[in-house]
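First the structure, in the form of C-alpha cells, and then the observations on it.
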Amino acid sequence: MSAERELPIDIKDTKLCDWLVDRRWTTLDNRDQSASIRKHINDAIQDMPDVDEITEMLAGSYITYYHCKRIVELLKVSEADSRTFFGSYSSKRMKDWLEIVKLYETDNIYLGESARILQHNVEYEIPSLKRKVSAAQSRINDSHRRETEMRAKAQSTQENFTATCKSIGIAGGEDIRKELLQLPSSLPNELEKVAALIQSGDFRGGMAYYTAFVEFTLDGKTQGDGTPFKLLTCIADRGNTSCYEYETGKPLPETSAPTATSDAKPDEASDFGVIDFGDDGGIDFGDGDGDGGIDFGDGIDFGVTDGSPDGSAKSGTDGWVEVSEPEGSDGIDFGDLDTIDLGEAGIQVADFGIEVADTPSAADTDGPTPAQRESLLANPTTRNSILDEIIQVESFLIQRLDELSNAIDSTSINQFEGAGPGVVQSKAAVETMLAAVAQARELLQSEKLQQLFRIRGSEKYVDRLASNLRQQKYHSATILGRIGKLEEQRAAAQALIEDSTPKIAALIKQTKVLQGNIEKSISGLYKGRPVNIIGDVNNL
C-alpha cells in the first residue's frame with residue numbers, strides 16, 4: 001500500500017472537469033451552485049477592511065475558493081477583537097466569508113469551479129490574449145515592411161517625375177501645362193543643333209564618300225539627277241531653310257499679302273453687271289390691250305421712205321423694208337478677218353473656251369502655305385525624308401566600316417584599283433564620319449525632340465502629358481500620406497501589446513497558483529498521493 005501511495009496521479013488539464021465528475025468528487029450541477037456563491041461574494045466584498053493584501057486580491061482578479069480561505073485567515077487577524085469565548089466571531093464580515101467557504105466545500109463545489117477556471121484559462125483566455133499580441137506584433141512588423149516599401153516607392157516616383165521633367169525640359173512646378181506649352185519655343189534652337197551637325201565637315205564627308213563610292217561602283221553613272229541627298233545637301237549648303245525656299249529656290253517672304261476677303265454676301269458683292277428693273281423688279285410695258293403684246297403705237301418710224309436720197313430703201317407691200325445697196329458701193333467692209341490678232345486684245349482661244357491671259361494664280365496671290373513656311377526639319381514630311389537620308393548614309397558607313405575591318409584580300413584590293421581619293425578612305429576616317437552621322441541621327445530621334453514635336457502638334461497630347469505628370473507628382477505625396485496612417489495603426493497595435501502583456505503575465509501566474517492549489521486539494525482527497533496536472537498548463 002505504501003508503494004501505491006507513492007504513485008503520482010496524472011490528470012490532463014483539458015480533462016480535469018470530466019475526471020472530477022467521473023470520480024464523483026463533484027457534480028454536474030456545480031456550475032449553478034457556484035453562481036449562487038458568486039452572489040454572496042459580491043455582497044461580501046462591499047464591506048472589507050483596509051488590508052493591503054486583501055485589496056490586492058480583490059483588484060481585478062477572479063475570486064476563487066482559495067482566495068476566500070486566504071481572506072478568512074487575514075480577517076482572523078483584523079477581526080480578532082470580535083472573537084467570542086467559544087471561538088466564534090461576532091463580526092458580520094467574518095461570518096459572511098466563513099459562510100462562503102462552507103458553501104464552497106459543500107460537495108466540493110470549489111474543485112469543480114477551480115477546474116473550470118483552470119481549463120478556461122489554459123484553452124481560451126491565455127491563448128486568446130497571446131494571439132491578439134501576436135497579431136498586433138505582426139501588424140507592427142508588416143507596417144514597418146510596408147512603410148519601407150512605400151517610402152522606396154514614393155522616392156522612386158519622385159525620381160521618375162524629376163527625370164521625366166528634366167528630359168522634357170520643364171521644372172515641374174504648379175502649372176505643368178503652362179510649362180509644356182512654352183516648350184515649343186525652344187524647338188528652333190534644337191533643330192539648329194541638328195542642322196549644325198549636318199553642316200559639319202565630317203557629316204559632309206560622309207555624304208561625299210557615299211556619292212563618290214556610288215559613282216565609282218556604277219562607272220560614273222548616276223541615278224536620277226545625280227544628287228542622292230537633296231534635303232541633306234540643301235541643309236548643308238543653306239542651313240535649316242524653309243520648305244518654300246527648298247521647293248522654289250526663292251527666299252521665304254517675310255510677310256505675305258493677306259487674302260482678299262469680303263463680308264458681303266454673294267448677292268451684295270457688287271452693283272455692276274446687274275440690271276435694275278426698278279423697285280418691283282419688272283418691266284413696265286404699259287397697260288396693253290389685254291393680249292400680252294407690246295404696244296408700239298401706230299407704227300415704228302425707221303426714218304426710211306421711198307423717197308430716200310440714194311434710193312436704197314423701199315417700202316414693201318407686206319410691211320418689210322427692203323434695203324438695197326447704193327450704186328457705186330462695194331458693200332460693207334469688215335476688214336481682213338484673217339489678220340485679227342486675239343492676243344493683242346488679251347484673249348486666248350483654247351480648246352475649251354476663252355480665258356483671260358496673264359491672270360495671277362492662287363498660289364501667287366496667297367503666297368507660301370503654312371507647310372511651306374516651316375523649316376525642313378520642322379515639317380513632318382521633309383523631316384522623315386531627312387531621317388531616311390541620314391539612315392541611308394549611316395547604313396552605308398556601317399557597311400563600309402565592317403568591310404574595312406575584315407581582312408583585305410587581293411580581290412578587294414583590285415576592286416578599287418584606279419579609284420580616286422574620295423572613294424578610298426581609311427578606317428579611322430570612316431569611323432569619324434560615322435560618329436558624326438550617328439550623332440545627328442540620335443539627336444533628331446531623341447525623346448526630347450520627339451516630345452517637342454508632339455507638344456507642338458497636339459493640344460490633346462499636352463493635356464494628357466500634363467495629367468500624367470501631375471499624377472506622378474502628387475502620387476508621391478499620396479504615398480507619404482498613407483505612411484502616416486500606417487504609423488497610427490502601428491501605435492495602436494503597440495498600445496494593445498503593452499496593455500495585454502502584463503495581463504497575460506498576471507493570468508499565467510494566477511493559473512499556475514491555481515494549478516498548485518488544485519493539485520494539493522486532490523492530493524488531500526487521496527490521502528497525500530502526489531497529483532500532477534499535465535498538458536498545456538505546463539507550457540504557458
Side-chain angles (χ1 to χ4, degrees), residues 139-200 202-203 235 240 374-380 382-384 386-387 390-391 394 434-491 493:
R139 288 197 298 271
I140 292 175
N141 297 336
D142 183 64
S143 174
H144 283 297
R145 178 184 59 80
R146 290 181 60 190
E147 180 178 353
T148 302
E149 294 176 353
M150 293 173 73
R151 289 190 182 277
K153 187 175 181 180
Q155 182 179 0
S156 175
T157 302
Q158 184 63 34
E159 291 176 354
N160 291 337
F161 171 75
T162 303
T164 303
C165 292
K166 184 177 180 181
S167 64
I168 296 176
I170 61 176
E174 292 297 328
D175 196 345
I176 296 178
R177 187 177 187 277
K178 182 178 179 181
E179 295 183 32
L180 291 174
L181 292 175
Q182 293 174 350
L183 282 179
S185 61
S186 63
L187 186 57
N189 294 333
E190 297 296 328
L191 296 180
E192 285 301 325
K193 295 179 182 179
V194 180
L197 290 174
I198 296 175
Q199 291 176 316
S200 64
D202 293 333
F203 196 102
I235 294 177
N240 187 24
E374 291 185 323
S375 64
L376 293 176
L377 290 173
N379 187 289
T382 54
R383 183 174 65 252
N384 292 334
I386 291 171
L387 183 60
I390 293 176
I391 294 176
E394 184 180 16
L434 179 59
V437 174
Q439 185 180 2
R441 191 256 310 157
E442 292 173 358
L443 183 57
L444 189 58
Q445 289 182 320
S446 64
E447 181 63 23
K448 179 179 180 180
L449 206 56
Q450 299 304 316
Q451 286 278 16
L452 292 177
F453 285 126
R454 286 193 287 264
I455 291 172
R456 187 192 69 163
S458 174
E459 188 173 352
K460 290 184 179 180
Y461 175 79
V462 174
D463 295 336
R464 185 168 62 252
L465 180 59
S467 176
N468 292 338
L469 290 176
R470 280 194 296 268
Q471 289 180 1
Q472 290 184 11
K473 180 180 180 180
Y474 296 114
H475 185 54
S476 177
T478 303
I479 294 176
L480 295 177
R482 294 176 182 173
I483 291 177
K485 294 182 179 180
L486 287 178
E487 293 175 349
E488 295 177 359
Q489 295 174 1
R490 186 164 58 245

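By convention here, the first residue in the shown sequence is residue 1.
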Query raised in the report: Do the side chains of Lys448 and Ile168 get nearer than 4.5 Å, heavy atoms only?
Result: no

Can you list, pair by pair, the side-chain donor-acceptor contacts under 3.5 Å of residues 466-473, counting residues two or more places apart and other chains?
from: Asn468; atom 1: ND2; to: Arg464; atom 2: O; distance (Å): 3.3
from: Lys473; atom 1: NZ; to: Gly172; atom 2: O; distance (Å): 3.4
from: Lys473; atom 1: NZ; to: Gly173; atom 2: O; distance (Å): 2.8

Query raised in the report: Taking C-beta and beyond as the side chain, do Leu183 and Gln451 meet within less than 4.5 Å on heavy atoms?
Result: no

Report task. Take Glu459 and Arg177 through the side chain to side chain contact (heavy atoms under 4.5 Å, CB included) test and state the conclusion after the steps. Result -> CA-CA 10 Å; Glu459 188 173 352; Arg177 187 177 187 277; 2.9 Å; yes

Report task. Determine whether Ile235 and Leu377 make a side-chain contact, defined as any pair of heavy atoms from C-beta on separated by less than 4.5 Å. Result -> yes

Query - Partners meeting salt bridge (Lys or Arg N to Asp or Glu O under 4.0 Å) with Arg454 (sequence neighbours left out) - result: Glu447

**Report entry** Reported CZ-to-CG distance for the pair Arg139 and Asn141, which is rounded to 0.5 angstrom
**Finding:** 11.0 Å

**Report entry** Enclosure of Arg146 CZ (heavy-atom neighbours >12, cutoff 6.0 Å)
**Finding:** no

Requested in this report: Can you see which heavy atom on Glu394 is nearest to which on Ala438, and at what distance?
Outcome: OE2-CB, 3.6 Å

Show every donor-acceptor pair shorter than 3.5 Å between a side-chain atom in residues 481-489 and any protein atom, with sequence neighbours excluded, or say none if there are none.
none

**Report entry** Ala440 to Val194 - nearest heavy-atom pair and separation
**Finding:** O-CG1, 4.4 Å

Query raised in the report: Would you call Leu180 and Tyr461 a side-chain contact if the rule is heavy atoms closer than 4.5 Å?
Result: no

Query raised in the report: Is the backbone N or O of Lys153 less than 3.5 Å from a side-chain atom of Ser156, with the two atoms forming a donor-acceptor pair by type?
Result: no

Report task. State, yes or no, whether a side-chain contact exists between Thr382 and Glu374 at a heavy-atom distance under 4.5 Å. Result -> no

Report summary line: dist Lys178:NZ -> Ile170:CD1 (nearest 0.5 Å) comes out at 13.5 Å

Query raised in the report: With side chains defined as the heavy atoms from C-beta onward, is the minimum distance between Leu187 and Leu449 less than 4.5 Å?
Result: yes

Report task. Report the distance from atom CD of Gln155 to atom CG of Asn160, rounding to the nearest 0.5 Å. Result -> 10.5 Å

Report summary line: Applying salt bridge (Lys or Arg N to Asp or Glu O under 4.0 Å) to Glu442 and not counting sequence neighbours gives none

Query - Smallest separation among heavy atoms of Thr157 and Ser476, with atom names - result: CG2-N, 4.3 Å

Query raised in the report: Measuring from Phe203:CZ to Leu434:CG, what's the distance to the nearest 0.5 Å?
Result: 11.0 Å

Query raised in the report: What's the shortest heavy-atom distance between Gln450 and Leu444, and which atoms?
Result: NE2-O, 2.9 Å

Query raised in the report: Where is the tightest heavy-atom contact between Pro188 and Pro184, given as atom of each residue plus distance?
Result: CD-O, 3.7 Å

Report task. State which residues pass salt bridge (Lys or Arg N to Asp or Glu O under 4.0 Å) with Arg490; sequence neighbours excluded, sorted by chain then number. Result -> Glu147

**Report entry** Set of salt bridge (Lys or Arg N to Asp or Glu O under 4.0 Å) partners for Lys193, sequence neighbours left out
**Finding:** Glu190

Query raised in the report: Heavy-atom distance under 4.5 Å between the side chains of Leu191 and Leu376, does that happen here?
Result: no

